Amino acid sequence: MAKTIVFFNLADMHEHGLAKTSVKALENKYPKYSCVYEFFAGANKVYQINLFGLLKGDSDPKSGVPETPINLISRPEIANNPILRERSAITMLCSTADKIMLGIHGNFDNTEEGFAGLGWGCGTGVVGSYREFTKLLSSFLMPTKHYKLSLIVCFGARSQNYKVNHDGDIDEYDIKSSFAYKFYSQICTKFNVTMTARTGSVSFDSQTGRSLVQSEAAVRAAIEDAEIQSAEQTKRVARDYQQLQEFMTRNEDGQKKYMAMLERMDNPHALPRNPPERIIKSYNTIRTNVSNLSSLSSEMLSKYGKFVYSYDAGVVTVCRKYEQGQKVMNVLYQGAL
């Protein structure tokens, strides 16, 4: 059967950003016509709807929801259809969609806010809080419909205590402290929504369209990498290294001595003989550690790191969907909001 996917974009408008690469991968997963049957039954459709203007526009004093026109792009036949620029038409589109996706940039150390990337004309940084996102999304939902929502937010399901192993048991506090849980708690009592979110960085396989999630080991490496790069010692070493470079390369003789020290210190077993070589050695050690951690942090897995959120009769259930690549739906928490 033909599928309809709605991708709400609050991430970026860059050519190689999260939104465009995600939509392109989804179009590969759900091609317009994948067989003769679908040619007659109807085409798969992936809609990208950019919501930056709505989130930061002038609000309607009654609803509190911004009324700035929506910038909608997708396939040419969609982008050129003025009817779909209306809020009511998008509400109807969501009501018939097989899945709704909300794309926002997230950080492992922030469970309150989402971030915007490049290309949308207003700079990068915090674009809104989970409360603002739920208010905005709610303006497109109907209380009588059931929705499948996927949060395409890096570290969305990760707890405030981000160093907790999210492959194992997670206590109630840690589950409830995540961006995804906070977001879901604002929307699940008003609308019938089943939601998924990821514990690590998220992307899509460009060929299959499947979501990929950073492994737990990769997340730990990314956290350690970030901590090293933000540490005062790292900043001091980088500053000392830059000052040394500027001082020694002021003339040809200094440049020769500097290059000789660099070459000697490239040997990991060489011991520094003087203060300049100690600075170079410290800088090289940090650079090597960061490079190794960056490599480790790139491991992305399919059928991994996905939490499922559901709500019924006052009870919220949070499950881990996959373990060791197999669907298990292991209940992590079930109880009151």
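Computed from a predicted model, the values in this text were never measured in an experiment. Computed over heavy atoms, backbone and side chain alike; hydrogens, waters and symmetry mates excluded.
- Checking side-chain atoms of Ser297 against main-chain N and O of Ser294 turns up a donor-acceptor pair under 3.5 Å.
- For Asp169, the CG atom is loosely surrounded, since the number of other residues' heavy atoms within 6.0 Å does not exceed 12.
- Side-chain contact check for Asn274 versus Met261: some heavy-atom pair is nearer than 4.5 Å.
- The OG1 atom of Thr134 sits 10.5 Å away from the CG atom of Leu141 when rounded to the nearest 0.5 Å.
- Residues Phe140 and Phe8 bring their aromatic ring centres within 6.0 Å.
- Here the closest heavy-atom approach between residue Ile279 and residue Val237 is recorded as O-CG1, 4.5 Å.
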request  = Applying salt bridge (charged side-chain N to carboxylate O under 4.0 Å, His left out), run through Glu27 and Lys24 and close with a yes or a no.
outcome  = CA-CA 5 Å; Glu27 288 180 335; Lys24 192 174 293 184; over 6 Å; no

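- In this structure, the side chain of Thr234 engages the main chain of Ile228 through a donor-acceptor pair within 3.5 Å.
- Side-chain atoms of Thr317 and Gln334 form a donor-acceptor pair, as typed in the model, at a separation below 3.5 Å.
- Hydrophobic clustering of Ile, Leu, Val, Met, Phe, Trp and Tyr side chains at less than 4.5 Å, counting indirect connections, keeps Leu212 apart from Leu151.
- Below 30°, between 30° and 60°, or above 60°: for Phe307 and Tyr309 the angle between ring planes is between 30° and 60°, a tilted geometry.
- Using a cut-off of 4.0 Å between Lys/Arg side-chain N and Asp/Glu carboxylate O, Glu172 and Lys176 are scored as salt-bridged.
- The distance from the CZ atom of Arg158 to the CD atom of Glu216 is 4.0 Å, given to the nearest 0.5 Å.
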Test side-chain contact (heavy atoms from CB on, under 4.5 Å) on Asn28 and Gln207 and set out the steps.
-> CA-CA 6 Å; Asn28 288 337; Gln207 300 302 314; 5.7 Å; no

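- Asp312 places no side-chain N or O within 3.5 Å of a backbone atom of Val315 that could act as its donor or acceptor partner.
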| Derivation and outcome, side-chain contact (heavy atoms from CB on, under 4.5 Å), residues Thr288 and Asn292 | CA-CA 6 Å; Thr288 299; Asn292 291 338; 3.7 Å; yes

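- Closest heavy-atom contact between Ser185 and Thr189: O-OG1, 4.5 Å.
- Every pair passing ring pair (Phe, Tyr, Trp, His ring centres under 6.0 Å) that includes a residue from residues 275-303 is listed here, sequence neighbours excluded: Tyr241-Tyr283.
- The cluster map of Ile, Leu, Val, Met, Phe, Trp and Tyr, joined by side-chain heavy atoms under 4.5 Å apart, puts Phe183 and Tyr333 in the same cluster.
- One side chain, Ser150 or Thr196, offers a donor N or O that lies under 3.5 Å from an acceptor on the other.
- Ion pairing between Lys235 and Glu232 holds under the 4.0 Å rule for side-chain N and carboxylate O.
- The two residues Ser215 and Leu301 have their closest heavy-atom pair at CB-CD1, 3.8 Å.
- Here the straight-line distance linking atom CG of Leu10 with atom CG of Leu51 works out to 5.0 Å at 0.5 Å rounding.
- Within the model, atoms CG of Asp12 and CG of Leu18 stand 6.0 Å from one another, a figure rounded to the nearest 0.5 Å.
- For Arg236 (side chain) and Ala231 (main-chain N/O), no donor-acceptor pair under 3.5 Å exists by modelled atom type.
- Using modelled atom types, no side-chain atom of His166 and backbone atom of Arg198 make a donor-acceptor pair closer than 3.5 Å.
- Annotation for Ser129 and Glu132: closest pair N-OE1, 2.9 Å, computed over non-hydrogen atoms.
- Under a hydrophobic clustering in which Ile, Leu, Val, Met, Phe, Trp and Tyr are joined whenever their side-chain heavy atoms come within less than 4.5 Å, directly or via other members, Phe247 and Met259 fall into the same cluster.
- Both Ile100 and Tyr47 are members of a single hydrophobic cluster when ILVMFWY side chains are connected at heavy-atom separations under 4.5 Å.
- Side-chain atoms of Asn44 come within 3.5 Å of backbone N or O of Pro31 as a donor-acceptor pair.
- Looking at Arg250, Lys256, Lys257 one by one, the single match for salt bridge (Lys or Arg N to Asp or Glu O under 4.0 Å) with Asp253 turns out to be Lys257.
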Applying side-chain contact (heavy atoms from CB on, under 4.5 Å) to Tyr30 and Leu26, what does each step give before you reach the verdict? CA-CA 6 Å; Tyr30 304 105; Leu26 289 167; 4.2 Å; yes

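- Within a 6.0 Å radius of CE in Met329, more than 12 heavy atoms belonging to other residues, nucleotides or ligands are found.
- A distance-only check finds a donor-acceptor pair linking the side chain of Asp171 to the backbone of Tyr173 [under 3.5 Å].
- Counting non-hydrogen atoms of neighbouring residues, nucleotides and ligands closer than 6.0 angstrom, the NZ atom of Lys3 reaches no more than 12 such neighbours.
- Listed by chain and number, the residues in a side chain to side chain donor-acceptor pair (under 3.5 Å) with Gln243 amount to none (sequence neighbours excluded).
- One finds the CZ atom of Phe108 at 8.5 Å from the NZ atom of Lys163 (value rounded to the nearest 0.5 Å).
- Summarising the local packing, NZ of Lys281 is surrounded by more than 12 heavy atoms from other residues, nucleotides or ligands at distances under 6.0 Å.
- In this structure a side-chain-to-backbone donor-acceptor pair under 3.5 Å is present from Arg320 to Gly168.
- The minimum heavy-atom distance linking Glu299 with Ala218 is given by the pair O-CB, 3.7 Å.
- When the side chains of ILVMFWY residues are joined at heavy-atom separations under 4.5 Å, either directly or via intervening members, Leu136 and Val6 end up in a single hydrophobic cluster.
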Quiz item: Given the rule in the side-chain contact (heavy atoms from CB on, under 4.5 Å) test, do Met300 and Ser203 qualify, once you have shown the distances and angles that lead to the verdict?
Solution: CA-CA 8 Å; Met300 306 290 285; Ser203 63; 3.5 Å; yes

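- Atom CZ of Phe179 sits about 8.5 Å away from atom CG of Asn110, to the nearest 0.5 Å.
- The backbone N or O of Ile187 lies less than 3.5 Å from no partner atom in the side chain of Tyr311, so there is not a single donor-acceptor pair.
- Contact record, Asp205 with Ala25: O-CB, 3.6 Å, taken as the closest heavy-atom pair.
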